[in-house]
J.: 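Before anything else, here's the structure in question.
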Amino acid sequence: MTVVDALTEAIAIEGGEIQGSYDGPVRRYLGIPYAAPPARFELPHTPPAWTGVRIADDVGPAAPHRIKAFPAIDPSPLVGHGSDGSDDDYLRLNIWAPRDAKAAPVMVFIHGGGFVVGSKDAAVHDGTAFAASGVVCVAINYRMGIDGFLPVPGAPTNLGLRDMLFALGWVQRNIAAFGGDPANVTIFGESAGAMAIADLVTSPLAEGLFARAIIQSGHGAMVREIDVAQRLVRKLAKLLRVAPDADGFRSVSHAAAMDAIDKLAKPWAIDLRDKDGREPVYGISRFIPVYGDDVLPDKPIDALRKGAGRDVQIVIGTNAEEMNLYFVPTGVRRKIGGLLARWLLGRSHPQAKAVLKAYGYKQKGVRPGDAMTDAMNDLVFRWPARQYAAAHQGKTWLYEFDWRSPACDGELGACHGIELPFVFKTLPTVTGPQGLGGMDPPQALAEQVHNLWAGFARSGAMPWPEFGPDRLVYQITRGEAVPEPVMPAAAFVPD
């Protein structure tokens, strides 16, 4: 536990007065409600006011979700701890602010977890280092899974995104009380959080809520048509034995909902391919945003090409070996056979065999799992991020995080999520025999990456050329921008 030396002075925000605690040069305010406990399948609304001074020292509960064991790697520093949903007062946020902040840049973090797990309180994204760097850092919870991303008839769509929008509105109205500048807000997130941010950049409901965005291992391609997502609604309703509408799903307990989510996570459980035989999430999650509503009227890539989000300055990037997180600790990369690799990829891509062959399948010395992993690194993350960068008509910088973790006998590499402890300067949370970073990850690299992120929030620029016609990608550990590599996946992904 961090030792605090005193309570802060009380400040007035919406709802009443609040006090946080000092931690050296940093003020911390934990568990502030930005919305009332959510009425299921209804829009977020203003939390009730309180009397007296509220002491913001309790992070509060997380949104209902269940954390599964992960082979060889401890997931808790990355996603926090699960919640059974018994306490529904989870639409809260944490704030870390410099002790004497005045009109400081603001960074709002949106956590990942496949839109089904995670919380603002995971140890790896503690915002203390950002506050020490002169930034007011905010981290938020939002609804996930069935409650947040299932387009249930009779309920508003994209409720998880609407929670994020509601939180960003709260930041606009209240962050000045913490020393932040509401005109200088950068939103940043990883994985599902980054996917959500990539979507929100294009949303007409997000205009004026942020000036900049950092999209870590995300892009705007992981969205579904509402009609396709309705298959998931019907499948879940049948599984849970309820009517496929808002009233039916309101009757479902959080425990039953989590059981159903677990069952549908199996690769054979449901077919969510579109008319072209593509499934944009490649089985990583069943629950993603939908487009065709007021939050996302268009598919994000199409909206970008029409000029949406052109005034938002964007940094977007991926890690060099994203899929290693899923396929190395589980043994899939080393053990999977060719037929199963083709079947698994075929659940998401209509040209699975051709894709695998383009990545070395059937070539001497290339295991089927190697070809599948390398192909999915590009199909799931790298190439869609490049498409997003190319479509954005405003200022855009692209990076690749290429430091290789020594975990899992050196095979984990530059996997999904590995950049987080470097961004937040929280390497001790992932250091150790079961840590994502392995033993003795480089603190100097954490200083470098953290300063890049904080510098972007201050200035709206990165120290390498924008991603333009030359399509330059900044290699983090090399410290230089180079032309993007040739990716065979480009031939298999629609424009």
Side-chain angles (χ1 to χ4, degrees), residues 73-75 77-79 107-114 118 122-127 129-130 133 135 137 139 186-198 212-219 284 314-326 328-329 377-378 380-382 384-386 388-389 397-408 412-431 435-438 440-457 462-464 473-481:
I73 297 294
D74 177 11
L78 303 175
V79 294
M107 297 183 74
V108 180
F109 182 73
I110 301 177
H111 70 79
V124 75
H125 45 69
D126 180 286
F130 277 110
S133 296
V135 172
C137 185
T186 299
I187 56 174
F188 70 127
E190 184 266 347
S191 193
M195 305 290 178
I197 288 170
R212 305 184 181 105
I214 304 176
I215 302 167
Q216 301 168 213
S217 301
H219 46 74
I284 292 174
I314 289 176
V315 172
I316 183 170
T318 56
N319 300 343
E321 301 166 291
E322 298 271 7
M323 296 303 296
N324 282 6
L325 180 67
Y326 305 98
V328 169
N377 286 337
D378 289 352
V380 182
F381 291 102
R382 293 171 87 200
R386 305 298 195 273
Y388 190 96
W397 293 263
L398 199 141
Y399 73 87
E400 181 166 87
F401 190 88
D402 51 348
W403 181 78
R404 304 196 76 253
S405 169
C408 299
L412 192 59
C415 69
H416 192 60
I418 191 60
E419 87 289 355
L420 279 170
F422 294 88
V423 167
F424 283 90
K425 289 205 324 190
T426 52
L427 283 175
T429 67
V430 297
T431 299
L436 191 72
D440 198 28
Q443 184 63 39
L445 183 61
E447 296 286 344
Q448 173 195 338
V449 175
H450 174 83
N451 290 339
L452 286 172
W453 263 236
F456 180 69
M462 281 297 203
W464 69 84
V473 182
Y474 186 76
Q475 300 291 313
I476 292 286
T477 60
R478 290 166 58 180
E480 62 177 332

J.: Using a 3.5 Å distance criterion without hydrogens, assess whether the side chain of Trp464 forms a donor-acceptor pair with backbone atoms of Val473.
T.: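 Not a single qualifying donor-acceptor pair exists.
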
J.: Heavy-atom distance under 4.5 Å between the side chains of Glu190 and His111, does that happen here?
T.: no

J.: Go through the side-chain N and O atoms of Thr426 and Asp126 and say whether any donor and acceptor fall under 3.5 Å apart.
T.: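 Checked: Thr426/Asp126 side chains show no N/O donor-acceptor pair below 3.5 Å.
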
J.: What is the distance from atom OH of Tyr399 to atom CH2 of Trp453, rounded to the nearest 0.5 Å?
T.: 4.5 Å

J.: Is there side-chain contact between Phe456 and Thr186, with heavy atoms separated by less than 4.5 Å?
T.: yes

J.: Could you check whether any side-chain N or O of Ser191 sits under 3.5 Å from a backbone N or O of Gly193, counting only pairs where one atom can act as donor and the other as acceptor?
T.: no

J.: Okay, side chain of Tyr388, backbone of Ala198: is any donor-acceptor separation there less than 3.5 Å?
T.: yes

J.: For Ile284 and Tyr326, run side-chain contact (heavy atoms from CB on, under 4.5 Å): C-alpha distance rounded to whole Å, both residues' side-chain angles, the deciding distance at 0.1 Å, then the answer.
T.: CA-CA 9 Å; Ile284 292 174; Tyr326 305 98; 4.0 Å; yes

J.: Is the backbone of Thr318 close enough, under 3.5 Å, to the side chain of Arg382 for a donor and an acceptor to pair up by distance?
T.: no

J.: Can you name the nearest heavy-atom pair linking Ala389 to Leu398, along with the distance?
T.: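 Ala389 and Leu398 have their closest heavy atoms at CB-CD1, 3.6 Å.
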
J.: Indicate yes or no for a side-chain donor-acceptor contact from His219 to the backbone of Val380 under 3.5 Å, with no hydrogens or angles considered.
T.: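 Answer holds: yes.
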
J.: Does any non-hydrogen side-chain atom of Glu419 lie less than 4.5 Å from one of Asn319?
T.: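 Side chain of Asn319 against side chain of Glu419, heavy atoms only: contact under 4.5 Å found.
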
J.: To the nearest 0.5 Å, tell me how far Phe424 CZ sits from Phe109 CZ.
T.: 4.5 Å

J.: Using the rule given for side-chain contact (heavy atoms from CB on, under 4.5 Å), can you reason through Met462 versus Leu452, listing the C-alpha separation, both sets of side-chain angles and the distance that settles it, and then say yes or no?
T.: CA-CA 7 Å; Met462 281 297 203; Leu452 286 172; 4.2 Å; yes

J.: For residues Leu420 and Val430, determine if any side-chain heavy atom of one lies less than 4.5 Å from a side-chain heavy atom of the other.
T.: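 No. Closest side-chain heavy atoms not under 4.5 Å.
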
J.: Go through Glu400 and Arg478 one step at a time and tell me if the salt bridge (charged side-chain N to carboxylate O under 4.0 Å, His left out) criterion holds.
T.: CA-CA 10 Å; Glu400 181 166 87; Arg478 290 166 58 180; over 6 Å; no

J.: Taking atom NE2 of His416 and atom CG of Leu436, what is their separation to the nearest 0.5 Å?
T.: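 If we round to the nearest 0.5 Å, His416:NE2 and Leu436:CG are 10.0 Å apart.
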
J.: Report the C-alpha distance between Cys408 and Ile73 in whole Å, list the side-chain angles of each, state the deciding distance to 0.1 Å, and finish with yes or no for side-chain contact (heavy atoms from CB on, under 4.5 Å).
T.: CA-CA 8 Å; Cys408 299; Ile73 297 294; 4.2 Å; yes

J.: What is the minimum heavy-atom distance between Trp403 and Pro441, and which atoms define it?
T.: CH2-CB, 3.9 Å

J.: Keeping Asn324 on the side-chain end and Cys415 on the backbone end, is there a donor-acceptor pair under 3.5 Å?
T.: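 Absent.
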
J.: Is Phe401 close to Val449 at the side-chain level, that is, under 4.5 Å between some pair of heavy atoms?
T.: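 They are in contact (side-chain heavy atoms under 4.5 Å apart), so the answer is yes.
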
J.: Which heavy atom of Ile197 sits nearest a heavy atom of Ile215, and at what distance?
T.: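 Closest heavy-atom pair between Ile197 and Ile215: CG2-CG1, 3.9 Å.
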
J.: Please check this pair: side chain of Asp402 against backbone of Ala320, looking for a donor-acceptor N/O pair closer than 3.5 Å.
T.: no

J.: Could you tell me which non-hydrogen atom of Ala454 sits nearest to which non-hydrogen atom of Ser133, and how far apart they are?
T.: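 That closest heavy-atom pairing would be CB-CB, 4.4 Å.
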
J.: Would you say that Met107 contacts Ile214 through its side chain, given a criterion of any heavy-atom pair below 4.5 Å between the two side chains?
T.: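 The answer is yes; the side chains approach within 4.5 Å.
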
J.: Looking at Pro406 and Gly438, what are the two nearest heavy atoms and their distance?
T.: CG-CA, 4.2 Å

J.: Can you tell me if Gln448 uses its side chain to pair, donor with acceptor, with the backbone of Ile476 under 3.5 Å?
T.: yes

J.: Do Thr429 side-chain atoms and Pro77 backbone N/O form a donor-acceptor pair below 3.5 Å?
T.: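 No; judged by distance alone, with no hydrogens or angles, the pair does not exist.
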
J.: Let me see the working for Gln443 and Leu427 under side-chain contact (heavy atoms from CB on, under 4.5 Å), right down to the final yes or no.
T.: CA-CA 7 Å; Gln443 184 63 39; Leu427 283 175; 3.6 Å; yes

J.: Over all heavy atoms of both residues, which pair between Gln216 and Phe188 is shortest? Give the atoms and the distance, please.
T.: OE1-CD1, 3.7 Å

